[in-house]
Participant: 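Mind having a look at this structure? Questions to follow.
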Amino acid sequence: MRRLESYLLDFLKLFQGLIAKNIKLEHLDISKVKTLCAVDVAYKGEEGYAVSVKFDGKNYEHYLVKGKVDFPYIPGFLFMREAPIMIKALSKYSCDLVLVDGHGLAHPRKSGIATVIGVLLDIPTIGVAKSRLTGNIVTEGEINYVIVNNEKVGVKSGKYFYSPGNRTDLNDVIELSKKGYPEILKIADRLSKQLKKE
DNA sequence: GCGACAG
DNA sequence: ATCTTGTCGC
């Protein structure tokens, strides 16, 4: 008998395959986004502090959700650990686009946490990660593409990786990456780490 | 078997 | 992600 965890991971891979099959890769004009949101999670032991931030073009708002996070971090399966609490934090707002801390299509099964959240909620998402999970970089002109299985699944700009989650496309992430690391993600990151201490 | 490995 | 002071460098 195999170990129980291997059955779960095999099943989760099937789930990710289903998510990937339901991705809607379509152009969302970033410049037309009126309400931009972002989510990040910080931890204090088993306590997770998820913060969603909303920017309407003028003011920032944020919403905090605290909760126990049991599931361990397993490369390729981050969504099992953070998607549940991130989705709760996002439930507070309605956004034209959500930036998720992590990868989207730049994943072994094209099912990073930004993709899972985007498909489950059927909303536009883009994954912005601070480091590589998989894929190689191929430069074409000014763009550093992230290639997985001979397919362009995202771009690398500076030290960050951008990839479509759902209802967005490669042009959207390229457009976003040109503006540098999103301020709203810095705010979400700072806020989550700050609020967990109070 | 070995190396890689989001947060 | 988190544990953690000072410190090397732009």
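Worth saying up front: this structure is predicted, and the values here are computed from it rather than measured. In what follows, chains carry the letters A, B, and so on, assigned in the order in which the sequence lines appear, proteins first and then strands, with residues in each chain numbered from 1.
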Participant: Please check the phosphate of dC5(B) (OP1 and OP2 only) for any side-chain N or O of T134(A) closer than 4.0 Å.
Facilitator: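 No, outside the criterion.
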
Participant: What nucleic acid atoms does G76(A) come within less than 4.0 Å of, heavy atoms only: base, sugar-phosphate, or nothing?
Facilitator: base

Participant: It should be established whether R81(A) places a side-chain nitrogen or oxygen under 4.0 Å from OP1 or OP2 of nucleotide dA1(C).
Facilitator: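 Indeed not, no polar side-chain atom of R81(A) lies that close.
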
Participant: Looking only at side-chain atoms of I113(A), point me to the closest of dG7(B), dT2(C), dA6(B).
Facilitator: dA6(B)

Participant: Stem list for DNA chain B, please, built from Watson-Crick and G-U wobble pairs under 3.5 Å and keeping only runs of at least 3.
Facilitator: none

Participant: Rounded off to whole Å, could you give me the CE-to-P distance for the M86(A) and dA1(C) pair?
Facilitator: 10 Å

Participant: Students often get this wrong, so: under 4.0 angstrom with heavy atoms, is F77(A) touching a base, only sugar-phosphate, or nothing?
Facilitator: base

Participant: Using the six-membered ring for Trp and the full ring for Phe, Tyr or His, decide whether Y73(A) stacks on the six-membered base ring of dG7(B) (centres under 5.5 Å, planes under 30°).
Facilitator: yes

Participant: So that I can tick it off, tell me whether K44(A) and E47(A) are bridged by a salt bridge, with the cut-off set at under 4.0 angstrom between side-chain N and carboxylate O.
Facilitator: no

Participant: Provide, to the nearest angstrom, the distance between the CG atom belonging to L12(A) and the P atom belonging to dA6(B).
Facilitator: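 Distance, rounded to whole Å: 17 Å.
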
Participant: Can you tell me the distance, in whole Å, between the CZ atom of F71(A) and the P atom of dA1(C)?
Facilitator: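 Between P of dA1(C) and CZ of F71(A): 19 Å.
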
Participant: From dT2(C), dG7(B), dA4(B), pick the nucleotide closest to the side chain of D40(A)?
Facilitator: dG7(B)

Participant: Please state how far atom CD1 in I85(A) lies from atom P in dG7(B), giving the value in whole angstrom units.
Facilitator: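 That distance rounds to 17 Å.
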
Participant: Does the cation-pi check pass for R132(A) over F161(A), that is, NZ or CZ under 6.0 Å from the six-membered ring centre and within 45° of its axis?
Facilitator: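 Because its charged atom misses either the 6.0 Å distance or the 45° angle limit, R132(A) does not stack over F161(A).
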
Participant: Measure NE2/H107(A) against P/dC5(B) and give the value in whole Å, please.
Facilitator: 14 Å

Participant: Under 4.0 Å between any heavy atoms, over every strand shown, what does A106(A) touch: base, sugar-phosphate, or nothing? Just pick one.
Facilitator: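 No contact at all - A106(A) keeps every heavy atom at 4.0 Å or more from the nucleic acid.
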
Participant: OP1 or OP2 of dA1(C) sitting under 4.0 Å from any side-chain N/O of K196(A)?
Facilitator: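 So the side chain of K196(A) is outside the cut-off, no N or O lying under 4.0 Å from OP1 or OP2 of dA1(C).
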
Participant: Cation-pi between K196(A) and Y49(A): NZ/CZ under 6.0 Å from ring centre and within 45° of the ring axis?
Facilitator: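 Not satisfied by the 6.0 Å and 45° rule.
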
Participant: Charged N to carboxylate O below 4.0 Å: is that the case for R3(A) and E5(A)?
Facilitator: yes

Participant: In whole angstrom, what separates K13(A)'s NZ from dC5(B)'s C1'?
Facilitator: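 Computing the K13(A):NZ to dC5(B):C1' distance gives 13 Å.
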
Participant: Mind checking the OG-OH spacing from S131(A) to Y160(A)? Nearest 0.5 Å is all I need.
Facilitator: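 Rounded to the nearest 0.5 Å, the OG-OH separation comes to 10.5 Å.
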
Participant: OP1 or OP2 of dA1(C) less than 4.0 angstrom from a side-chain nitrogen or oxygen of K130(A), does that happen here?
Facilitator: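 Answer is yes, contact under 4.0 Å.
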
Participant: For K92(A), does the NZ atom have more than 12 heavy-atom neighbours from other residues, nucleotides or ligands under 6.0 Å away?
Facilitator: no

Participant: I need the NZ-P distance between K197(A) and dA1(C), as an integer number of Å.
Facilitator: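 Between P of dA1(C) and NZ of K197(A): 12 Å.
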
Participant: Any side-chain donor paired with an acceptor under 3.5 Å for T125(A) and N166(A)?
Facilitator: no

Participant: Using only heavy-atom distances, determine whether the side chains of Y43(A) and E82(A) contain a donor-acceptor pair under 3.5 Å.
Facilitator: yes

Participant: Whole-Å distance between dA1(C) C1' and L133(A) CG?
Facilitator: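 Answer to the nearest Å: 15 Å.
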
